[in-house]
*Asks:* 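Below you'll find the structure I mean.
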Amino acid sequence: MTVEPLGARARSLPADAGSSPTVRTRDAASIMLLDRSGKDVRVLMGKRHSAHVFMPDLYVFPGGRRDPGDHGLGFSGDLHPAVLRSLRSGEGRTITETRARALALAAARELYEEAGVALGRAHERPGAALPFLPDLTNLRYMARAITPPGLPMRFDTRFFAVFTEEAGIDPSRVLESQELQDLQWIDVNDFSSLRVPEITAIILSDLRNGLESDPSLPPERTVPFYFTRHGRFHRTLL
C-alpha cells in the first residue's frame, strides 16, 4: 500500500502555513459501495485522473463536492433517522436537515456520474437531473474528514457506505468515467497494491473495525471525525 501523507503533513504544518489555510472548505460526499457476495467484503475504488488538481492519480471512493442542485433532487427513500441525526450534528453546531440530506444525495449522484451505478429505481421524468430516484434508505454514515490546511483545495467530506445487495446493485455493472478510471473491487483487508490518500487508508481501517464489530454496520453507530487544528491531527466521535 502506498499512502499519500496528508495526515502526516497536517501534523507538521502550522495552522497559518502559506496562504492555503484561508481556502474555504466545501461540502463533499463520498461513498463506499460494498460487495459481500463472496468470502471477503470488497469496496469499489477508482483512480483519479492525472489532470486533477486535488489528489491526482490516487485511488479513492466515488465522490465529489455537494452541488447547489443536490438540494432539489427527488428521492424515493429517506435516510435512517439515526443517520440523519448524526449528519446534522457536528462540533458545536448543527446543520439543517435539508443540507444533511443533500450530502447523501450528492453521494448518490457522484456514484452514478463516476461509476454508472444508480442507487435507486429508474424513472423517465423529462428534465430530471438523474435518470433514477435516489434511495437513501440503506446508507450508513461512516466518517467525516476535513482536508488539512496548507492544500490548494479543502473539503469537508462525509463518507457513506451501502451494501450492493441491499440496494439492488449488480457489482458487475460499473463504468469508468472521466473522473474515475481503473475501477476495481478491492478487498477491504488488502489494498496494498493501490496508492491511496492517507485519510482513505484510515477510513478503510475504520470500515474493517466496524465490520468486525458488527457485519451489518448498524446505522446507530458513532461516527469518527478527522480534522486538523493548530497543526495537530485530531480524531473525535460524533
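Here the structure is a predicted model, which means the values were calculated and not measured.
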*Asks:* Sequence neighbours left out, what passes side-chain hydrogen bond (donor to acceptor under 3.5 Å, both in side chains) with T222? Give chain and number order.
*Replies:* none
*Asks:* Between atom OG1 of T236 and atom CZ of R229, what is the distance when rounded to the nearest 0.5 Å?
*Replies:* 9.5 Å
*Asks:* Quick one: list whatever passes salt bridge (charged side-chain N to carboxylate O under 4.0 Å, His left out) with R109, sequence neighbours left out.
*Replies:* D67, D70, E113
*Asks:* Closer than 3.5 angstrom, by distance alone: can the side chain of R88 be matched with the main-chain N or O of I95 as a donor-acceptor pair?
*Replies:* yes
*Asks:* Residues two or more places apart in sequence or in another chain: which of them pass salt bridge (charged side-chain N to carboxylate O under 4.0 Å, His left out) with R66?
*Replies:* D27
*Asks:* Are side-chain heavy atoms of P62 and L180 found at a separation under 4.5 Å?
*Replies:* yes
*Asks:* Check whether any side-chain heavy atom of T200 lies under 4.5 Å from a side-chain heavy atom of L58, and answer yes or no.
*Replies:* no
*Asks:* Taking only residues at least two apart or on different chains, which pairs with a member in residues 203-223 satisfy salt bridge (Lys or Arg N to Asp or Glu O under 4.0 Å)?
*Replies:* D206-R235
*Asks:* Just jot down the salt bridge (charged side-chain N to carboxylate O under 4.0 Å, His left out) partners of D78, sequence neighbours excluded, or say none.
*Replies:* R101
*Asks:* With a 4.5 Å limit on heavy-atom distance, are the side chains of L33 and V43 in contact?
*Replies:* no
*Asks:* With heavy-atom distances below 4.5 Å as the criterion, would you say the side chains of N138 and F163 are in contact?
*Replies:* no
*Asks:* Apply the side-chain contact (heavy atoms from CB on, under 4.5 Å) test between L79 and each candidate in L136, L103, T137, L105; give the one that qualifies.
*Replies:* L136
*Asks:* Listing request: all ring pair (Phe, Tyr, Trp, His ring centres under 6.0 Å) pairs with a residue in residues 61-84, at least two apart in sequence or in separate chains.
*Replies:* none
*Asks:* Cation over ring, R195 on Y59, under 6.0 Å and within 45°?
*Replies:* no
*Asks:* Do the side chains of Q184 and M45 get nearer than 4.5 Å, heavy atoms only?
*Replies:* no
*Asks:* Determine whether L119 and L133 fall in the same hydrophobic cluster, where Ile, Leu, Val, Met, Phe, Trp and Tyr are linked whenever their side-chain heavy atoms lie under 4.5 Å apart.
*Replies:* no
*Asks:* Is the shortest side-chain heavy-atom distance between L211 and L217 below 4.5 Å?
*Replies:* yes
*Asks:* Which pair of heavy atoms, one from A104 and one from L139, lies closest together, and at what distance?
*Replies:* CB-CD1, 3.9 Å
*Asks:* At what distance, to the nearest 0.5 angstrom, does CE of M142 lie from OG of S86?
*Replies:* 11.5 Å
*Asks:* Which atom pair, heavy atoms only, marks the closest approach of R121 to S76?
*Replies:* NH1-CB, 3.4 Å
*Asks:* Got a donor-acceptor contact below 3.5 angstrom from the R144 side chain to the L87 backbone?
*Replies:* no
*Asks:* Considering only residues two or more places apart or on different chains, which pairs with a residue in residues 97-119 satisfy ring pair (Phe, Tyr, Trp, His ring centres under 6.0 Å)?
*Replies:* Y112-F132
*Asks:* Can you name the nearest heavy-atom pair linking P134 to A108, along with the distance?
*Replies:* CB-CB, 4.0 Å
*Asks:* Mind checking the OG1-CZ spacing from T147 to R154? Nearest 0.5 Å is all I need.
*Replies:* 6.5 Å
*Asks:* Locate the shortest heavy-atom distance separating A29 from F160; write the atom from each residue and the value.
*Replies:* CB-CE1, 4.1 Å
*Asks:* Search all heavy atoms of A100 against all heavy atoms of L84 and return the closest pair with its distance.
*Replies:* CB-CD1, 3.8 Å
*Asks:* If I take atom CZ from residue R48 and atom CG from residue D57, how far apart are they, to the nearest 0.5 angstrom?
*Replies:* 10.0 Å
*Asks:* Any chance you could lay out the side chain to side chain contact (heavy atoms under 4.5 Å, CB included) test for E166 and R36, step after step, and finish with the verdict?
*Replies:* CA-CA 10 Å; E166 287 185 348; R36 55 183 174 184; 3.4 Å; yes
*Asks:* Side chain to side chain contact (heavy atoms under 4.5 Å, CB included), that's the test. Do F155 and T25 meet it? Break it down for me.
*Replies:* CA-CA 5 Å; F155 297 96; T25 58; over 6 Å; no
*Asks:* Quick one: list whatever passes salt bridge (charged side-chain N to carboxylate O under 4.0 Å, His left out) with R85, sequence neighbours left out.
*Replies:* none
*Asks:* Are L207 and I203 connected in a single hydrophobic cluster, I mean Ile/Leu/Val/Met/Phe/Trp/Tyr linked by side-chain heavy atoms less than 4.5 Å apart?
*Replies:* yes
*Asks:* If you draw a 6.0 Å radius around CZ in R65, do more than 12 non-hydrogen atoms from other residues or ligands fall strictly inside?
*Replies:* no
*Asks:* Less than 4.0 angstrom from a charged side-chain N to a carboxylate O is my criterion; do R158 and D156 meet it?
*Replies:* yes
*Asks:* Indicate yes or no: at least one non-hydrogen side-chain atom of T228 is less than 4.5 angstrom from one of I146.
*Replies:* no
*Asks:* OG of S37 to CH2 of W185: how many Å apart, nearest 0.5 Å?
*Replies:* 8.5 Å
*Asks:* How would you list, by chain and number, every residue that makes a ring pair (Phe, Tyr, Trp, His ring centres under 6.0 Å) with H234, sequence neighbours excluded?
*Replies:* F227
*Asks:* Once side chain to side chain contact (heavy atoms under 4.5 Å, CB included) is applied, do any residues pair with L175, and if so which ones, sequence neighbours excluded?
*Replies:* none
*Asks:* Between V162 and L34, does the side chain to side chain contact (heavy atoms under 4.5 Å, CB included) criterion hold? Intermediate values first, please.
*Replies:* CA-CA 6 Å; V162 65; L34 304 175; over 6 Å; no
*Asks:* Under a single-linkage definition using a 4.5 Å side-chain heavy-atom cutoff for Ile, Leu, Val, Met, Phe, Trp and Tyr, are F159 and F233 assigned to the same hydrophobic cluster?
*Replies:* yes
*Asks:* Mind checking side chain to side chain contact (heavy atoms under 4.5 Å, CB included) for A115 and listing every partner two or more places apart, or none if nothing turns up?
*Replies:* L44, L111, V117, L183
*Asks:* Any salt bridge linking R42 with D187? Criterion: basic side-chain nitrogen under 4.0 Å from a carboxylate oxygen.
*Replies:* no
*Asks:* Is the shortest heavy-atom distance from the side chain of Y141 to the side chain of L238 under 4.5 Å?
*Replies:* yes
*Asks:* Applying side chain to side chain contact (heavy atoms under 4.5 Å, CB included), can you list everything that pairs with S213, at least two apart in sequence or on another chain?
*Replies:* none
